[in-house]
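What follows is one structure encoded as structure tokens, with my remarks underneath.
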Protein chains: 2
Amino acid sequence: MSGNYIPPLRDMQFVLHELLDMEGVLARHCADKAIDRETAHQVLDGAGRFCAEVLAPLNSVGDQHGCEYNAGDVKTAPGFREAFNRYASDGWSGLVCDVEDGGQGLPHIMGTVVSEMLASSNSAWSLYPKLSEGAYRCIRANGTDWQKDTFLTPLATGEWTGTMCLTEPHCGTDLGLLRTRAVPNVDGSFAITGTKIFISSGEHDLAPNIIHLVLARLPDAPAGVRGISLFIVPKFLLDDAGKLAARNGVQCGSLERKMGIHGNATCVMNFEAATGYLIGEAGKGLAAMFVMMNGARLGTGTQALGLSETAYQRALRYSQERLQSRSPATPASSTGPDPILSLPDVRRMLLTQRALVEGGRAFAYWLALQIDIHQHSADAQTSRDAEGLLALLTPVAKAFLSDNGVDVTSLGMQVHGGAGFITETGAEQLLRDARILPIYEGTNGVQANDLVGRKVLADEGLQIRRLLTIVRETATECLARDGSAESKVDDMGRAIAELCDDVEAATQFILDSAQLDPCQPGTSSAAYLRLIGHLMFAHFWARAALVATTKAADSFYAGKLVTAQFYFASLLPESRSLLPRIRLESSAVMNPLAFAA
Amino acid sequence: MSGNYIPPLRDMQFVLHELLDMEGVLARHCADKAIDRETAHQVLDGAGRFCAEVLAPLNSVGDQHGCEYNAGDVKTAPGFREAFNRYASDGWSGLVCDVEDGGQGLPHIMGTVVSEMLASSNSAWSLYPKLSEGAYRCIRANGTDWQKDTFLTPLATGEWTGTMCLTEPHCGTDLGLLRTRAVPNVDGSFAITGTKIFISSGEHDLAPNIIHLVLARLPDAPAGVRGISLFIVPKFLLDDAGKLAARNGVQCGSLERKMGIHGNATCVMNFEAATGYLIGEAGKGLAAMFVMMNGARLGTGTQALGLSETAYQRALRYSQERLQSRSPATPASSTGPDPILSLPDVRRMLLTQRALVEGGRAFAYWLALQIDIHQHSADAQTSRDAEGLLALLTPVAKAFLSDNGVDVTSLGMQVHGGAGFITETGAEQLLRDARILPIYEGTNGVQANDLVGRKVLADEGLQIRRLLTIVRETATECLARDGSAESKVDDMGRAIAELCDDVEAATQFILDSAQLDPCQPGTSSAAYLRLIGHLMFAHFWARAALVATTKAADSFYAGKLVTAQFYFASLLPESRSLLPRIRLESSAVMNPLAFAA
């Protein structure tokens with residue numbers, strides 16, 4: 001039962017083509033990444049089949065087997081290695097990597113759609129290729145010619161995999177504290193020594209070599225983040241012909257036992273004078289690493305989307321099959337129980353899931369499209385505009401989608417009743433797998449601080465105002481739509497206009513109060529981030545409704561419209577509770593008496 | 001690390017004595033249950049030591065070992081049996097049972113405080129005695145003299161344990177569908193045949209006999225709930241001297257693998273012509289069982305409270321010890337990282353936990369006190385008044401506290417960052433153990449339907465109006481308090497007055513709309529239940545503030561006041577988002593097009 005996954009290709013196409021006009025946007029702004037509908041469909045259809053047929057059946061296998069540790073070696077769950085080999089040989093691994101590196105050269109947005117499917121079908125497994133993609137991207141952006149020649153093709157083709165090694169036992173968020181040391185060798189390489197923890201995919205048996213990207217500190221480096229450099233540390237060193245040679249001084253010391261994503265190896269990695277190659281400039285390791293981090297953060301949001309989709313699919317299916325109680329809409333004359341899908345409170349839960357899943361899909365794909373525009377637009381202003389929106393909204397996507405993902409997977413359990421708590425049903429694994437998402441790649445608190453501090457305060461609200469201009473156009477379009485009374489699109493327009501005013505006022509409050517009180521941004525940040533999340537969801541749900549109202553005779557569009565209306569009536573009102581939380585005086589949390597007793 | 005638990009005796013005393021005046025109330029209304037402060041303190045101190053020293057160290061042991069199944073027998077985790085023996089021999093098992101049955105005869109409120117501690121220290125273990133208490137209560141209320149003579153003392157003294165056997169594979173919520181059959185034997189007993197699932201504590205090695213209370217259907221019984229009778233089915237039959245004799249035809253068929261509470265045996269129970277004794281009247285099994293259910297529902301809320309307290313304690317401790325990043329309040333001249341407790345967003349999470357834990361404690365203990373008043377008051381009107389509030393608010397306590405419990409344990413993980421996801425830390429077990437609470441003893445959707453349908457609609461809002469009268473007195477008291485500007489008690493009074501108006505209007509909407517639309521109650525119910533939950537929390541937090549403002553020089557009361565202010569400023573505003581959800585048109589969820597595509 002728990003292996004079933006049906007790729008939501010229809011909704012994916014709706015978002016890609018009808019909401020985002022992917023084909024047109026790419027053709028206009030990123031000619032070398034252009035892709036026609038037919039090709040896009042073939043890619044997604046193939047990826048969907050791989051996910052449904054190969055990965056989904058391994059999802060509970062990975063959860064139950066976990067990974068086995070034996071003297072530094074890690075054996076993944078049965079089937080994981082074969083799935084990875086097939087993933088690589090079928091060319092999925094390099095989907096968004098450059099053609100010259102053996103990749104498929106597809107746009108980032110297509111990679112995001114495929115990432116959603118990977119996470120839907122097997123979230124723990126999906127972290128193996130996901131980390132490789134990050135390492136590829138980082139080396140491509142920062143590497144020397146030798147580094148690029150040596151490492152990019154094996155990473156793109158899935159011959160090898162990659163990792164990100166940041167966290168140490170005493171430091172996660174605050175990387176300025178890290179202690180791993182890099183001492184220069186005579187040949188220009190460095191000897192890396194230290195311990196890294198929580199390293200996803202740090203050791204495994206899927207591929208013969210693993211390329212670790214490791215933050216470490218040079219002997220003469222200043223304290224804090226400016227003393228951090230980034231190094232490439234392969235598990236196996238290479239001989240002059242590029243073949244695997246000596247084992248490097250890096251070893252998995254143990255595996256963490258954890259709540260979920262059991263199928264992924266979360267490793268303690270010990271570096272003992274391991275040979276590392278400086279990548280990018282000394283002291284600029286964090287900046288080089290951030291090339292991976294931004295993609296990883298959107299990737300975390302996408303993972304939440306994937307898990308949420310599966311939770312919604314399963315809950316809907318269960319509610320159609322489970323006969324229990326009587327719907328209040330059922331005539332008294334009917335006999336026997338109804339499917340629980342007919343109960344109002346169950347429908348409320350399912351519509352909540354659906355609104356969060358499909359709203360998140362539109363937001364995530366749109367953001368991925370901004371990456372393509374930023375990276376490939378020939379027009380400098382267009383590229384910068386996309387970059388600005390990306391910087392602003394990446395923390396929102398990471399935190400809002402991952403918090404929603406925990407809620408959606410938890411609702412999925414709830415719809416199942418008692419069966420939801422039982423392992424065999426598969427619903428509870430989704431929540432356990434989703435619960436890491438608000439934590440890793442920077443906790444959601446870190447995302448909120450990033451949004452308020454590095455994005456809103458740093459540019460004095462410039463990008464937020466740009467975003468509001470875009471969203472207000474949607475409000476105007478809704479209000480201008482003829483005959484919208486029945487569809488409630490005009491109500492949506494009014495709600496968005498009011499929301500934009502609220503966001504503007506909240507932003508001004510953040511800007512003004514930060515001048516007077518250094519503790520105010522951190523007090524307001526979590527609620528402010530959720531408010532911006534709703535701004536994006538309201539925007540995309542209204543756009544979906546604008547499309548759907550013109551085609552409401554078709555059941556797909558009719559359901560879309562009902563869900564849009566539900567979002568505005570039932571979920572967006574959360575924003576009313578966020579406004580007082582944004583304006584909460586910092587003294588309410590900073591008062592030292594709060595925890596004095 | 002994960003074994004630490006410090007019984008929050010100071011806050012328990014604050015609620016019992018300063019908020020609820022337990023001593024005075026019991027002396028006035030339940031003279032035979034009266035207890036003085038000193039005795040109460042000794043009981044709680046002893047229970048706290050047992051929980052902290054014996055149960056807490058076994059909590060992660062139970063999670064990791066689970067229960068072992070072998071051909072019908074179940075072995076509990078190492079230490080569980082010894083802990084149960086000590087629990088029974090120290091007299092904790094019969095704390096609230098009658099003295100004539102070998103119990104301690106203490107009031108229900110004292111049992112609730114001890115239940116909180118049991119759940120805090122070892123939630124899975126606590127289900128073994130908890131189910132016995134339910135069986136005791138049911139037999140005491142409904143049993144024949146022989147049944148009482150035979151079963152009450154062994155249940156009260158912990159010599160035997162009990163269970164509730166309701167759910168079957170095809171029916172949980174909708175018990176009218178159940179199929180287990182009871183065929184009369186010639187000796188007046190019945191032969192029970194059928195399969196029950198999700199039976200907590202159904203089989204184990206803690207005690208030599210297990211008394212199952214089983215819902216089943218007589219051969220000539222009508223369909224639906226009126227055909228259900230209740231039976232006592234002991235694991236071992238008794239000889240004429242009351243000694244254990246033949247094994248009865250009931251056996252554990254298997255154990256469920258589940259998300260949490262691994263230390264408790266969740267059993268499939270197979271009854272094959274097992275000897276059962278009818279308890280209460282034939283066809284009135286549900287009513288007899290409900291004597292257990294109401295206590296079990298408040299017990300589930302109390303379990304959530306207990307898990308939440310532990311999650312809060314651990315998160316607070318971690319935040320004091322973990323050095324990372326710099327507080328915005330720290331002078332630029334200071335060096336080194338600060339404890340994360342100094343960060344505004346971490347403090348926000350901890351204050352959210354604290355406000356939900358302590359608000360829940362006041363609500364749960366007060367409700368338990370209503371049980372004592374209802375059962376023991378000599379004045380019939382006083383007893384009926386307490387019964388009315390109990391009936392109204394038991395579903396609120398079950399659902400509101402259990403949903404909050406999931407949030408509080410999840411926040412506890414979040415404060416821990418990456419460590420929160422790691423099993424060893426112990427934070428994630430609390431969330432896994434808490435996640436069953438919104439599901440069992442009637443899902444929270446069932447509770448919401450019970451509140452709206454059987455409580456508010458059935459008495460046309462009578463009890464809600466009584467409750468509003470009580471809460472409005474608190475508002476009046478807050479507004480009348482002199483010099484309250486700094487403490488913000490006057491703001492609290494205004495907020496409560498407004499909230500009471502909102503509840504009144506929402507209740508009227510429920511009453512009016514139900515006349516016209518049978519689907520409206522189920523559409524509004526979940527949000528309405530949360531609104532009533534906030535009504536209770538606002539009431540008790542204001543009462544706490546009224547006490548604390550008079551003693552704010554003491555750090556305990558100062559922290560209380562800060563937390564009350566935080567509740568009103570940051571958590572109560574959720575009610576603003578609940579009002580539109582209550583008024584959501586039923587067509588928004590019942591529209592058949594929502595899930596048609």
Side-chain angles (χ1 to χ4, degrees), chain A residues 167 171-174 177 198 256-259 316 324-325 328-329 337 343-345 347-348 351 414 417-418 420-423 428 436 438-440 443 445 448 518-519 522-523 525-526 555-556 558-559 562 565-566 569-570 573-574 576-577 580-581 584 586 588-591 593-597, chain B residues 167 171-174 177 198 256-259 316 324-325 328-329 337 343-345 347-348 351 414 417-418 420-423 428 436 438-440 443 445 448 518-519 522-523 525-526 555-556 558-559 562 565-566 569-570 573-574 576-577 580-581 584 586 588-591 593-597:
Chain A
T167 303
C171 79
T173 296
D174 189 359
L177 301 175
F198 303 159
E256 302 287 1
R257 292 180 57 230
K258 54 198 193 290
M259 182 185 212
L316 179 59
Q324 194 89 169
S325 304
L343 302 173
D345 191 59
R347 295 177 77 84
R348 174 191 66 78
L351 271 165
Q414 194 67 25
F421 199 66
I422 303 300
T423 305
E428 60 91 32
I436 187 60
I439 295 176
Y440 71 12
T443 65
C519 294
T523 304
S525 56
S555 69
F556 174 82
V562 170
Q565 290 162 352
F566 179 84
S570 186
E574 186 195 352
R576 300 192 195 180
S577 70
R581 287 179 51 203
L584 183 71
S586 73
V589 298
M590 297 309 290
N591 191 325
L593 295 167
F595 306 107
Chain B
T167 303
C171 80
T173 296
D174 189 359
L177 301 175
F198 302 160
E256 303 286 0
R257 293 180 54 229
K258 54 199 193 291
M259 185 186 210
L316 179 59
Q324 194 88 170
S325 304
L343 302 173
D345 192 58
R347 296 177 76 84
R348 173 191 66 78
L351 271 165
Q414 195 66 26
F421 199 66
I422 304 301
T423 305
E428 61 90 32
I436 188 59
I439 295 176
Y440 71 12
T443 65
C519 295
T523 304
S525 57
S555 69
F556 174 81
V562 170
Q565 290 162 352
F566 179 84
S570 186
E574 187 195 351
R576 300 191 195 181
S577 69
R581 286 178 51 202
L584 183 70
S586 74
V589 298
M590 297 310 290
N591 191 324
L593 296 168
F595 306 107

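Numbers restart at 1 for each chain; the letters A, B, ... are given by sequence-line order, proteins then strands.
Applying the side chain to side chain donor-acceptor pair (under 3.5 Å) rule to B:R348 yields the partners B:D345; only residues at least two apart in sequence or on another chain are considered.
Heavy atoms closer than 4.5 Å to chain B are found in the side chain of A:F198, but not in its backbone. Using a 4.5 Å cut-off between heavy atoms, B:L351 touches chain A through backbone and side chain atoms alike. Looking at A:Q414, both its backbone and its side chain come within 4.5 Å of chain B, counting heavy atoms on both sides. Contacts of B:L177 with chain A are made by side-chain atoms alone, with heavy-atom separations under 4.5 Å and no backbone atom involved. Contact annotation for A:I439: both backbone and side-chain heavy atoms come within less than 4.5 Å of a heavy atom of chain B. Both the backbone and the side chain of B:I436 have a heavy atom closer than 4.5 Å to some heavy atom of chain A.
Most heavy-atom pairs under 4.5 Å with chain B: of the set A:S586, A:A558, A:S570, A:P337, this distinction falls to A:S570. Contact tally against chain B (heavy-atom pairs below 4.5 Å) for A:R581, A:Q565, A:E574, A:M590: the top residue is A:M590. The choice from A:E256, A:R576, A:R257 that makes the most heavy-atom pairs within less than 4.5 Å of chain B is A:R257. The candidate with the highest count of non-hydrogen atom pairs below 4.5 Å against chain A, out of B:G522, B:P344, B:A448, is B:P344. Here B:C519 is the residue among B:G172, B:C519, B:A569 with the most heavy-atom pairs under 4.5 Å with chain A. In terms of heavy-atom pairs under 4.5 Å with chain B, the best-connected choice from A:A588, A:P580, A:S525 is A:P580. Chosen from A:G418, A:G445, A:A329, the residue pairing most often with chain B at heavy-atom distances under 4.5 Å is A:G418.
In terms of modelled atom types and a separation under 3.5 Å, the side chain of A:R347 and the main chain of B:T523 share no donor-acceptor contact. Formation of a donor-acceptor pair under 3.5 Å by the A:E428 side chain with backbone atoms of B:K258 is not found in this model. Within the 3.5 Å criterion, the main-chain N or O of B:S325 finds a donor-acceptor partner in the side chain of A:D174.
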Dump the intermediate steps for side-chain contact (heavy atoms from CB on, under 4.5 Å) on B:F595 and A:V562, then the final yes or no.
-> CA-CA 9 Å; B:F595 306 107; A:V562 170; over 6 Å; no
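The two residues A:T443 and B:G417 make their nearest non-hydrogen contact at CG2-CA, 4.3 Å.
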